[in-house]
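Report on the following structure.
These values consider heavy atoms only, across backbone and side chains, with no hydrogens, waters or symmetry-generated copies. Proteins get letters first, then strands, A, B, ... in listed order; numbering begins at 1 in each.
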Amino acid sequence: MSTIEPRTLKGFRDYLPTAMLAREQLIDTARRVYRSYGFAPIDTPALEYLEILTGKGSDETDKQLYRFQDHGGRDVGLRFDLTVPLARFMAQHSAALGVPFKRYHIGPVWRGENTQRGRYREFMQCDFDTIGTLAPAADVETALVIHDLIQALGFSRFQIRVNNRMVLNGLLDRLGLSDRSSAVLRSLDKLAKIGRDRVAEELAQFAGANPDQIRDVLRLTELTGDNSAILRQLEPLVAGSETGQAGVARLDQLLAAAAAAGVPDNRLRLDVSIARGLDYYTGVIFETFLDDLPTLGSVCSGGRYDNLAALFTKELLPGVGASLGLDRLLAGMEELKMVASASTPATVFIAFFDPQRLVDYLRLAANLRAAGLGVELYPDPKKLGAQLKYAARRGFQTALVAGENEFAAGIVQVKDLATGHSRDVSLAAGIQPLLDALRDSPPPRVRPLP
RNA sequence: GUGGCUAUAGCUCAAUUGGUUAGAGCGCCAGAUUGUGGCUCUGGAGGUUACCGGUUCGAUCCCGGCUAGCCACCCCA
């Protein structure tokens with residue numbers, strides 16, 4: 001009988017324990033950081049009515065939607081991100097929730113686009129957003145969360161690039177290009193990659209800009225210096241545009257506040273050429289790049305969107321937030337050797353050494369688990385060497401070895417699997433001395449870069 | 001979605017101008033005086049050369065298709 005070839009769809013992946021432990025640890029870290037700012041968890045369905053999802057991001061995102069008819073003939077789609085479902089969610093529940101509402105949402109999203117390193121068709125996003133306030137404080141807080149998050153995940157060399165759509169829109173308004181802003185921004189965004197000459201070409205070709213307009217847009221690319229220097233050079237460029245000036249003011253405020261809150265200047269960089277992001281962004285925009293993997297793309301992006309919920313309700317529900325691309329970040333961390341090779345979540349290994357003592361091993365394991373430790377008891381009374389090898393491979397921190405001699409003496413051998421050293425701990429006075437011996441910090445599963 | 005490159009054991013790679021039983025290292029399993037792993041030694045398992053088809057006396061090798069991965073475009077986490 002022939003077998004079915006086991007395989008997975010393009011862009012979809014299996015996760016083995018080593019990868020999954022790392023994923024779960026990243027999720028735990030994100031959850032901890034989000035909660036520390038008061039964001040509360042929500043969840044929404046993977047599947048939405050198609051009309052909820054279409055027309056929210058851009059033409060491109062509509063093309064990438066996984067869509068089909070369900071068994072009842074309804075047109076449905078898999079969510080493309082977590083922000084559009086949030087807009088729907090808020091329109092439905094804002095009365096019950098009240099504003100401002102801060103939520104985080106961790107879950108998979110699906111995009112039917114071509115795959116590459118760090119680009120998958122199914123991937124996990126970890127969003128946090130603040131809904132129902134236009135306050136600059138919420139923008140600042142978004143930057144702080146991104147910073148705390150990436151740092152908590154073990155990175156020290158990264159850059160959050162920040163810009164504001166109002167600055168760009170104000171400038172384009174002044175130049176009479178606002179009706180072609182998407183095309184202009186798309187070209188401008190490629191600056192770092194294709195250079196200013198080709199940006200100029202594209203501006204003429206795709207945005208129909210005249211030479212004067214092109215020259216003025218390209219002035220944006222000539223800004224140099226630190227954040228405050230760029231701000232000063234930006235001011236004259238938006239002079240006369242109320243929107244543009246407001247945008248510069250908000251950037252100024254954001255950068256000053258973030259710096260005051262302890263974000264180093266080199267980690268939060270004003271970059272007027274970052275423009276992309278989905279069409280729904282209206283204010284501040286964030287993108288986060290790892291210094292050591294600049295080609296990986298942004299691992300945490302977001303911004304302010306003041307009109308998104310307007311598609312679902314007449315109520316004014318502005319929002320600001322960002323999304324951590326967990327799977328992309330993990331792909332980067334694997335490349336940077338930041339992912340530990342442990343494949344067990346437990347730290348304590350108990351060797352099944354004496355076949356007559358199963359009950360004693362089980363009791364010991366139970367006592368340690370009751371104290372909050374992760375404990376695995378080997379199922380077979382195999383050769384001790386083989387058991388220790390198994391334990392070391394899996395990444396256990398400590399092995400407990402007890403045979404006839406130890407039981408007779410009322411002790412257990414506590415073996416540090418990293419160093420190979422072991423010592424005897426008495427069980428005569430109860431489990432506490434053993435717990436003390438095991439209390440040493442558990443192995444880090446993700447190593448920070450030097 | 002478009003274009004290019006690639007595809008051999010769990011992983012990294014070999015295999016003379018297409019030639020018969022496709023190899024190595026690492027890993028895995030089992031041993032090396034019946035209580036201690038990471039070093040060493042021995043043995044073993046594991047491949048319809050991604051899959052389907054074509055050319056040929058004969059295909060891992062040449063051709064086509066398909067699937068997947070990577071790169072660029074596009075876009076994005």
Find the partner of [N]: check Watson-Crick (N1-N3 plus N6-O4 or O6-N4) and G-U wobble (N1-O2, O6-N3) distances, both under 3.5 Å, and reply none if neither fits.
{"N": "B/rU2", "answer": "B/rA72"}
{"N": "B/rC13", "answer": "B/rG23"}
{"N": "B/rG43", "answer": "B/rC29"}

Measuring only the [atom1] atom in each nucleotide, how far is [N] from [M]? A whole number of Å is fine.
{"N": "B/rU48", "M": "B/rG10", "atom1": "P", "result": "9 Å"}
{"N": "B/rA59", "M": "B/rA68", "atom1": "P", "result": "28 Å"}
{"N": "B/rU67", "M": "B/rG23", "atom1": "C1'", "result": "27 Å"}
{"N": "B/rU12", "M": "B/rG69", "atom1": "C1'", "result": "16 Å"}
{"N": "B/rG1", "M": "B/rG38", "atom1": "C1'", "result": "50 Å"}
{"N": "B/rU42", "M": "B/rU36", "atom1": "P", "result": "22 Å"}
{"N": "B/rA22", "M": "B/rU8", "atom1": "C1'", "result": "8 Å"}
{"N": "B/rU60", "M": "B/rU49", "atom1": "C1'", "result": "5 Å"}

Practice prompt. Assign the ring pair A/Phe39 / A/Tyr34 to parallel, tilted or perpendicular, where the plane angle (0 to 90°) is split at 30° and 60°.
Written response: perpendicular
Item to complete: Specify whether A/Phe349 and A/Tyr390 have parallel, tilted or perpendicular ring planes, treating 30° as the upper limit for parallel and 60° as the lower limit for perpendicular.
Response: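 Taking A/Tyr390 first and then A/Phe349, their aromatic rings sit tilted (interplane angle of 30° to 60°).
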Worksheet item: Using a cut-off of 4.0 Å on non-hydrogen atoms, how would the nucleic acid contact of A/Gln64 be classed: base, sugar-phosphate, or nothing?
Response: sugar-phosphate
Practice prompt. Answer with base, sugar-phosphate or nothing: what part of the nucleic acid does A/Cys300 contact at a heavy-atom distance below 4.0 Å?
Written response: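 Sugar-phosphate contact only.
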Practice prompt. Could you pull out all residues at least two apart from A/Thr115 that satisfy side chain to side chain contact (heavy atoms under 4.5 Å, CB included)?
Written response: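 Here the qualifying residues are A/Lys10, A/Arg121.
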Worksheet item: Which letter, B, S or -, goes with each nucleotide of nucleotides 33-44 of chain B from 5' to 3', with contact meaning a protein heavy atom under 4.0 Å?
Response: --BBBB------
[X] [atom1] to [N] [atom2]: how many Å, rounded?
{"X": "A/Lys10", "N": "B/rU2", "atom1": "NZ", "atom2": "C1'", "result": "12 Å"}
{"X": "A/Ile285", "N": "B/rA77", "atom1": "CD1", "atom2": "C1'", "result": "16 Å"}
{"X": "A/Leu9", "N": "B/rC66", "atom1": "CG", "atom2": "P", "result": "17 Å"}
{"X": "A/Leu26", "N": "B/rA77", "atom1": "CG", "atom2": "C1'", "result": "13 Å"}
{"X": "A/Ile27", "N": "B/rA77", "atom1": "CD1", "atom2": "P", "result": "18 Å"}
{"X": "A/Arg13", "N": "B/rA77", "atom1": "CZ", "atom2": "C1'", "result": "12 Å"}
{"X": "A/Arg117", "N": "B/rA77", "atom1": "CZ", "atom2": "P", "result": "17 Å"}
{"X": "A/Arg67", "N": "B/rG1", "atom1": "CZ", "atom2": "C1'", "result": "14 Å"}

Using a distance-only criterion (donor-acceptor N/O pair, under 3.5 Å, no hydrogens), is the base of [N] paired with the side chain of [X]?
{"X": "A/Arg328", "N": "B/rC76", "result": "yes"}
{"X": "A/Glu287", "N": "B/rA77", "result": "no"}
{"X": "A/Arg111", "N": "B/rA77", "result": "yes"}

Worksheet item: Any side-chain N or O of A/Lys63 under 4.0 Å from OP1/OP2 of B/rC74?
Response: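 Negative; the distance criterion is not met.
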Worksheet item: Does a nitrogen or oxygen in the side chain of A/Lys383 sit under 4.0 Å from OP1 or OP2 of B/rA30?
Response: no
Any donor-acceptor pair under 3.5 Å linking the side-chain atoms of [Y] with those of [X]?
{"X": "A/Ser187", "Y": "A/Glu202", "value": "yes"}
{"X": "A/Thr54", "Y": "A/Asp62", "value": "no"}
{"X": "A/Arg363", "Y": "A/Tyr361", "value": "no"}
{"X": "A/Thr295", "Y": "A/Arg117", "value": "yes"}

Worksheet entry | Nearest-nucleotide pick for A/Lys382, side chain only, options being B/rA77, B/rC74, B/rA30 | B/rA30
Worksheet item: Where each residue is assigned the nucleotide of RNA chain B containing its nearest heavy atom, which of A/Leu326 and A/Asn114 is assigned the position nearer the 5′ end?
Response: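 That would be A/Asn114.
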Worksheet item: Hey, is the main chain of A/Arg74 close enough, under 3.5 Å, to the side chain of A/Asp70 for a donor-acceptor pair?
Response: yes
Worksheet item: Around A/Glu334, counting heavy atoms of other residues, nucleotides and ligands shown, do more than 12 lie under 6.0 Å from its CD?
Response: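 Buried by this count: over 12 neighbours within 6.0 Å.
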